[in-house]
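Below is one structure, written out as structure tokens, with a few remarks after it.
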Amino acid sequence: MSVLKVEELSKQFGGLIAVDNVSMHIESGELIGLIGPNGAGKTTLFNLLTGVYEPSAGDICFMVDEREKRLNGLKPFKITDCGIARTFQNIRLFSQMSVMENVLIAMHPHSGEGVFSSILRLPQFYRKEEKLREESLRLLDLFQLADKADQLAGSLAYGEQRCLEIVRALATKPKLLFLDEPAAGMNPKETNQLTQQISKIRSEFGISIILIEHDMSLVMEVCDRIYVLDYGKLIAEGEPEEIRTNPIVIKAYLGEEF
Ligand SMILES: Nc1ncnc2c1ncn2[C@@H]1O[C@H](COP(=O)(O)OP(=O)(O)OP(=O)(O)O)[C@@H](O)[C@H]1O
């Protein structure tokens, strides 16, 4: 069953067509790679799918409660409510807050706590908070960050900050997770660990994941299927082995490491 269907989607900036008539789908539990040379339109496509930009043309449909919901024109927070979460290329943490607080804030929409009980600090407020803390620690533990829960987020190593961003996205309980260059700036050891962690997230949470990534070893190892963009157009789609040997893809990447 497709959780996300994108039909003939385009985005134009003045005279530039950054995303050009792209159609794609993602099935429940699938892990999809979105690759392409620099400037191919990958981030613009993510921005369209997560409500940062409105499409110039086309449709985006997402399954919500077994019904197709059209996402065009919805604000990012509404799209998060539908069960879609994302990370960004540049790190967006609250660096002066603790690691745990960063996760708790992301969980807020699911806390279910009323203003009344929060202001009066009723017993249920403390019970709920304790439960959210336990849940945060469980998520942090997936990335070996549980013992750093009380540290300032800004004091974490770069690779750990990127992992904390993924934890924050998972804290919103998504059905579909977008990861924008999760391994950017990581050293080979961190990238290797991240590769294992992404596989683990998928199997443990049963969610669908779409990732943009320039690290081809990561993409080829974890993805079930890959879409390739070039100059805003989809030029190929297939399993990692098909993509690795596709002459059109190799041509698009000529001059870049592939
Ligand atoms: N807000 C914008 N206004 C005008 N042009 C834009 C805007 N955002 C992106 N572009 C242009 O759209 C094209 C696609 O950019 P995009 O960032 O989506 O590519 P990308 O595949 O994510 O590249 P990279 O791998 O380098 O991050 C580029 O030519 C870029 O300059």
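Whatever order the structure lists ligands and atoms in, that order sets their numbers, starting from 1.
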Report task. In plain terms, say whether E30 and R225 are close enough for a salt bridge, that is, a side-chain N and a carboxylate O under 4.0 Å apart. Result -> yes

Query raised in the report: Salt bridge or not for R133 and E129, using N-O below 4.0 Å?
Result: yes

Enumerate donor-acceptor pairs with a distance under 3.5 Å from any side-chain N or O in residues 199-211 to protein atoms, sequence neighbours excluded.
unit_1, atom_1, unit_2, atom_2, d
S199, OG, T195, O, 3.4
R202, NH1, G29, O, 2.9
R202, NH1, D224, OD2, 2.8
R202, NH2, D224, OD1, 3.4
S203, OG, S199, O, 3.3
S203, OG, K200, O, 3.1
S208, OG, E27, O, 3.2
S208, OG, G29, N, 3.0

Report summary line: Across all chains, not counting sequence neighbours, the ring-ring contact (aromatic ring centres under 6.0 Å, His included) partners of F13 are Y53

Report summary line: Taking every heavy atom of R92 against every heavy atom of E165, the minimum-distance pair comes out as N-OE2, 2.6 Å

Measure from every N or O atom of ligand 1 to the protein's N or O atoms and keep only the pairs below 3.5 Å, writing each with atom names and distance to 0.1 Å.
unit_1, atom_1, unit_2, atom_2, d
ligand 1, 1 (N), Y53, OH, 3.2
ligand 1, 18 (O), T44, N, 2.9
ligand 1, 18 (O), T44, OG1, 2.6
ligand 1, 19 (O), G41, N, 3.2
ligand 1, 21 (O), A40, N, 3.0
ligand 1, 21 (O), G41, N, 2.9
ligand 1, 21 (O), K42, N, 3.0
ligand 1, 21 (O), K42, NZ, 2.8
ligand 1, 22 (O), T43, N, 2.9
ligand 1, 22 (O), T43, OG1, 2.9
ligand 1, 23 (O), G39, N, 2.9
ligand 1, 25 (O), N38, OD1, 3.4
ligand 1, 25 (O), K42, NZ, 2.8
ligand 1, 25 (O), H214, NE2, 3.0
ligand 1, 26 (O), N38, OD1, 3.2
ligand 1, 27 (O), Q89, NE2, 3.2

Query raised in the report: Which side chain to side chain donor-acceptor pair (under 3.5 Å) pairs, counting each pair once, include a residue from residues 3-19, with sequence neighbours left out?
Result: K5-E68

